[in-house]
Amino acid sequence: MKYQRSSQLFKAASDVIPGGVNSPVRAFKAVGGTPIFVNKAKGAYLYDADGNRLIDYINSWGPMVLGHAFPPVIDAVVSKAKLGTSFGMPTEIETKIAELAVSMVPNIDQIRFVNSGTEACMSAVRLARGFSGKEKIIKFAGCYHGHSDSFLIQAGSGAVTFGSPNSPGVTEGTAKDTLLATYNNLEAVAAIFEANPSEIACIIVEPVAGNMGCITPDVGFLEGLRALCDSHGAVLIFDEVMTGFRLARGGVQELYGVNADIVCFGKVIGGGLPVGAFAARHEIMSHLAPLGPVYQAGTLSGNPLAMAAGYAMLQALESDSEVFERLAQKTEYLHKGIAEALTLHKVIHTINRVGSMISVHFSPTPVVDFETAAEGNNERFKTFFHGLLNAGIYIAPSAFETWFITDALTYEDLDETIAAVAKIAPNL
Ligand SMILES: *Cc1c(COP(=O)(O)O)cnc(C)c1O
């Protein structure tokens, strides 16, 4: 593989864009080398600036669950664009996608669209505070809820990849209202409630964690959070920006049968355009402006192109009764193949998987929380990453990220990936 053109483009970008990237997770700082500049993508494949074809396991960090340039989404965007790209006035497509989303997800009556997952989580917490009349929030180490100040406390994803899970620029005043708990540890959460009686507005949690690798909630963990919130009058926020419309039609609420009070969306719900959303029952949503006093707004929120893309995506997922099962089967096949190849060469590893999310950890112990995720061998990960890249397979340039399986992947693509792992394994 040659990356001359990407190197040139990265050099030019670095002159005018900090670190050459508009989001740090795209940098190759943690693995070494130059970020790949992409020209176009179709289905399961990326085509980069040097003409290489790569099998894509990032898929824009989640949105492209049905593959790149999915025709119904592209057609919807193109035809909408011809009618004008933004009005700052209500449009019918907003109601259509809202009706569809509300019908697919359990336990929500209304949904408000924003422009990113960050905005969705930030607004959800403000709403939870306004609704409950309390100020403190509980978040889990290694969970990522976007880059808003209150969430950059032991945050996952890029924040941990680049060694700053607590970012400078977040004031002590803000940080003190974010109370930190350990994923899969209910006792720790109960202790925080005990120590802060009547002060906790909400718990925000990735109900399947995806920003410290993929971590499954232990049996009873989500139910326990639900019960703690109920007994202390706190709001339970499921951040389903990654899991929503990916793990099931109704997300993790449906998958594990646990109800949240507010649910955040992003990624898949925008079909690859910049969209986030948060949703809840009437009782909670009626506190939001213009109905209620909790303010939240956006010049481009509900943008017609973004809504058209998201609507086409949700329609495709809604009308295909087997899509989530098919995704899970492909992911399981990949899991088995990679595990076999690594085991054959005695490479110590742990693989976590839920539905179409999977992560490979070079770690001897089960990966169940932030601490165990951080124990993985990063040198081995680097070799693994570059080995795959050289074989034309693109995974996230960080040991703390999930792989996102798309329905566009064929079993031949998966076999090619497994064969590449088998080839790299002796060097790990
Ligand atoms: C990606 C992500 C976010 C942030 O979404 P952006 O669109 O990047 O702002 C928030 N929460 C979770 C769980 C995510 O995976």
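All ligand and atom numbering here is 1-based and tracks the order in the structure. All heavy atoms count here, side chains included; hydrogens, waters and symmetry mates do not.
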(request) State, to 0.1 Å, how close Asn352 and Val367 come at their nearest heavy-atom pair, and which atoms those are. (result) ND2-O, 3.0 Å
(message) Within the supplied structure, the quantity of interest is the number of heavy atoms (other residues, nucleotides, ligands) at a distance under 6.0 Å from Glu375 CD; does it exceed 12?
(response) yes
(message) Checking side-chain polar atoms at under 3.5 Å, does Asp48 have a donor or acceptor matched by the opposite partner on Tyr3?
(response) no
(request) Return yes or no for this condition: an N or O of Glu119 is under 3.5 Å from an N or O of ligand 1. (result) no
(request) With the side chain counted from C-beta on, respond yes when Ile358 and Cys214 share a heavy-atom pair under 4.5 Å apart, and no when they do not. (result) no
(request) Indicate, as side chain, backbone, both or neither, the part of His145 found under 4.0 angstrom from ligand 1 when only non-hydrogen atoms are considered. (result) backbone
(request) Tell me which part of Thr243 gets within contact of ligand 1: side chain, backbone, both or neither, using heavy atoms under 4.0 Å. (result) neither
(request) Give yes if a backbone or side-chain nitrogen or oxygen of Gly117 is under 3.5 Å from a nitrogen or oxygen of ligand 1, and no if not. (result) yes
(request) Compute the centroid of each ring, for Phe28 and then for Phe10, and state whether the two points are separated by less than 6.0 Å. (result) no
(message) Give the atom numbers and elements of ligand 1 that come within less than 4.0 Å of a heavy atom of Ser116.
(response) 7 (O), 9 (O)
(request) Grab the two heavy atoms, one from Phe381 and one from Ser398, that are nearest each other, plus how far apart they are. (result) CZ-O, 3.3 Å
(message) Heavy atoms only: which of Lys267, Glu401, Met242, Glu240 lies closest to atom 1 (C) of ligand 1?
(response) Lys267
(request) Look at atom 11 (N) of ligand 1 and say which protein heavy atom is nearest, naming residue and atom and giving the distance to 0.1 Å. (result) Asp239 OD2, 2.6 Å
(message) For ligand 1, which is the ligand I care about here, please tell me if Asn211 has any N or O atom under 3.5 Å from one of the ligand's N or O atoms.
(response) yes
(request) Could you say whether the N/O atoms of Tyr144 and ligand 1 ever approach to under 3.5 Å? (result) yes
(request) List the closest protein heavy-atom neighbour of atom 3 (C) of ligand 1: residue, atom name, distance to the nearest 0.1 Å. (result) Val241 CG1, 3.7 Å
(message) Suppose I only count heavy atoms of Glu206 and a 4.0 Å limit; which atoms of ligand 1 are within that range?
(response) 13 (C)
(request) Measure across Ser6 and Asp50 and return the closest heavy-atom pair with its distance rounded to 0.1 Å. (result) N-OD2, 3.0 Å
(request) Closest by any non-hydrogen atom to atom 8 (O) of ligand 1: pick that one out of Val114, Thr118, Val25, Val208. (result) Thr118
(message) Using a 6.0 Å distance limit plus a 45 degree cone around the ring axis, check whether Arg53 lies over the aromatic ring of Tyr45.
(response) yes
